[in-house]
Amino acid sequence: MAIQNPPFSQTKSFSTVFLIEMWERFGFYGMQVLMVTYMVKKLGFADVDANLVWGAAAALIYATPAVGGWIGDKFLGARRTMLSGAVVLMVGYALLWIPTNNAYALYLALGVIIFGNGLFKPNAGNLVRKIYEGDDVRIDSAFTMYYMAVNIGSTVSMLLTPWIRDYVGEHYSDALGWHTAFGVCSIGLVLGLINYYFMRRTLAHIGSEPDNHPPVMKNVLGVIAGGIVIVAVSAYILQNQGVAQACVYAAGIVILGVFVHLIRSSEPGERAGLIAALVLTVQTIFFFIFYQQMSTSLNLFAQRNVDLSFGIFGYEIFRWIPEQFQSLNAIWIVILSPILVWIYNSLGKHGKDFPVAAKFALGFAAVAAGFFMYGLGATTAVNGAISSWYMVWGYGLYSLGEVLVSGLGLAMIARYVPARMGGFMMGAYYVASGVAQYMGSVVANYAAIPDNITDPLQSLPIYTSLFNKLGFVGVGCTIIAVAMLPLMKKLSLDHALANVPPVPPVHNEDL
């Protein structure tokens, strides 16, 4: 729907999407940073159950954008669907605001959040693409800024909501502290929607085909009915871990089978690119298993075995709340991304940029070093608590790996997959990422602390055993990635020589 003489500048149109995305990520990460510890500390879940419930929710959160993108393209329009998603998310966080300790209320709220995220995420990114349609130079800069919105919103909320929980809990009541913190996430979406209302005219000319026409009532009712089904099914899956496990693993088998079928039935010139995409997708799945530790095992580790004081030469500078350590991921990405972009550009100017497969290998090496950092911290622990600085450097190495691996995932699909398969493969990639998130929660349970262990000296070796093992798995992934480099080089060359039309440039705003 981009037109030659738009009534508003691209910058103003982009700012509207940028700001609502920032508030949406504020709400999502403000909720995520507290969720596992809320289940453990407030609802009385065992570590095992909390990890798996959040793992199943993360898997569904990654899967539903495929449905939301389809709704935006075919039925409601990208603009309307994004706005609807923001409203649904606001309702989901508001449900968490209700002061109840009923686990079923949690499942219902998460089901609403899963549906709202599915509506919002693909269509917000799609609007940015449409704003800069045909302008390949500016779209890269736009997505860099869009990615900054993600990290600004997430950093602020991951620092703020744990503090609000503690402050309100200390001055009023513990229960009110938790639910007020979740309520702030809903307020963030309210502010985003108010801002959108005043800036809505800047997007009036942007959207997909259904945005050009008044909404068709049967489509609206169909989306509402479908949303109710998604919420109900999601809530059912979250409270039945056997069903969740079966769904996740079945999805993984189906995706692998589809990849194999596409490779076998593809044209000879397309086969090399698809095989390369499969190899890199499998490597990305391993990365997301590592990634899921941030909100599960590393989060609970910070609760029990990290000295919360940041000090230099014996003097305390400040203290953090355990959940706030998760914000280090976003902070490091903001620091590292422009540095890596500068390195990539400098190498590219001299024709020395290294291939995607090599970046994957370096990424796994960084992740491995990050997990070993926590094990190293245990060697100097005092009364079972490691220095907070080890968390800083561990997250720094892990975040470097994230930028190198996860940030290239969708770009890899765009590079190696034929255009005619692009939409399907993007959806398959997200579902595979969701499967990996659940598997990450399963892995986190190897460090689940039994209820009868409350001594940090007893829990520390349980956590560091898992982290060291993950470090060694990261080393193994690095070795395999390096060993695959010759094959990946050959596949890339064969793919280039086949001159297969690629998928249009793709950006992963979440890295």
Side-chain angles (χ1 to χ4, degrees), residues 17 19-35 38-39 42-43 53-54 56-58 60-65 67-69 71-72 75-124 153-154 157 160-161 164-165 175-176 178-197 200 215 219-239:
V17 182
L19 289 170
I20 196 168
E21 171 72 21
M22 184 182 73
W23 284 112
E24 187 276 327
R25 291 290 86 182
F26 173 93
F28 180 81
Y29 282 103
M31 175 275 297
Q32 176 185 284
V33 77
L34 296 175
M35 185 51 64
Y38 170 68
M39 287 188 273
K42 194 60 188 170
L43 300 185
V53 168
W54 178 245
L60 291 167
I61 284 167
Y62 267 79
T64 49
V67 177
I71 291 172
F75 300 104
L76 295 186
R79 191 174 64 248
R80 289 195 197 103
T81 307
M82 178 193 74
L83 190 60
S84 301
V87 172
V88 173
L89 284 167
M90 178 193 69
V91 172
Y93 300 136
L95 290 173
L96 291 172
W97 199 348
I98 299 172
T100 175
N101 293 332
N102 189 314
Y104 294 105
L106 170 68
Y107 301 138
L108 175 63
L110 286 175
V112 174
I113 291 167
I114 287 164
F115 177 54
N117 182 79
L119 293 176
F120 185 93
K121 287 302 294 179
N123 292 289
S154 63
S157 63
L160 181 64
T161 56
I164 289 173
R165 179 207 55 199
L176 192 60
W178 285 102
H179 295 292
T180 301
F182 287 129
V184 168
C185 301
S186 183
I187 292 171
L189 266 295
V190 171
L191 294 174
L193 287 166
I194 291 172
N195 181 81
Y196 180 89
Y197 175 80
R200 66 190 186 280
N219 290 345
V220 174
L221 294 175
V223 170
I224 292 172
I228 293 171
V229 171
I230 289 174
V231 171
V233 170
S234 297
Y236 177 76
I237 289 173
L238 293 177
Q239 62 187 287

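Small disclaimer: the values here were computed from a predicted structure and weren't measured.
Every pair passing side-chain hydrogen bond (donor to acceptor under 3.5 Å, both in side chains) that includes a residue from residues 94-120 is listed here, sequence neighbours excluded: Arg25-Asn117.
Note: Met90 CE to Glu24 CD = 13.5 Å, rounded to the nearest 0.5 Å. Atom-to-atom distance recorded for Ile114:CD1 and Leu238:CG is 5.0 Å, nearest 0.5 angstrom. Note that SG of Cys185 is 11.0 Å distant from CD of Gln32, once rounded to the nearest 0.5 Å. Remark: Ile71 CD1 to Thr64 OG1 distance equals 9.5 Å, nearest 0.5 Å. The CG atom of Leu19 lies 11.5 Å from the CG atom of Leu191; values are rounded to the nearest 0.5 Å.
In this structure, the side chains of Tyr93 and Ile113 come closer than 4.5 Å at one or more pairs of heavy atoms. For the pair Met82/Tyr196, a side-chain contact is recorded, criterion being any heavy-atom separation below 4.5 Å from C-beta on. Side-chain contact between Phe28 and Leu89: absent, with no pair of heavy atoms (C-beta onward) separated by less than 4.5 Å. For the pair Phe120/Val88, no side-chain contact is recorded, criterion being any heavy-atom separation below 4.5 Å from C-beta on. Using a 4.5 Å heavy-atom cutoff, the side chains of Val220 and Leu76 are in contact. Counting only heavy atoms from C-beta outward, the side chains of Met35 and Leu96 approach each other to under 4.5 Å. For the pair Leu193 and Leu83, the minimum side-chain heavy-atom distance is below 4.5 Å.
Nearest heavy-atom pair, Leu189 versus Ala86, reported as atom, atom and distance to 0.1 Å: CD1-O, 3.6 Å. The nearest pair of heavy atoms linking Thr161 to Ala181 is O-CB, 3.5 Å. Minimum interatomic distance between Thr81 and Gly72 (heavy atoms only, all atoms of both residues): OG1-CA, 3.3 Å. Taking all atoms of both residues into account, the shortest heavy-atom contact from Arg165 to Leu34 is NH1-CD2, 3.7 Å. Listed here is the closest heavy atom pair of Gly68 and Pro122: C-CG, 3.8 Å.
Relative to the ring axis of Tyr197, Arg200 places its NZ or CZ within 45° and under 6.0 Å from the centre.
Shown here are the side-chain hydrogen bond (donor to acceptor under 3.5 Å, both in side chains) partners of Trp54, two or more places apart in sequence or in another chain: Ser295. With sequence neighbours left out, Asn123 forms a side-chain hydrogen bond (donor to acceptor under 3.5 Å, both in side chains) with no residue at all. Every residue meeting the ring pair (Phe, Tyr, Trp, His ring centres under 6.0 Å) condition with Phe182, not counting sequence neighbours, appears here in chain and number order: Tyr38. For Phe75, the ring pair (Phe, Tyr, Trp, His ring centres under 6.0 Å) test picks out Trp70, with sequence neighbours left out. Shown here are the side chain to side chain contact (heavy atoms under 4.5 Å, CB included) partners of Ser157, two or more places apart in sequence or in another chain: Phe26, Tyr29.
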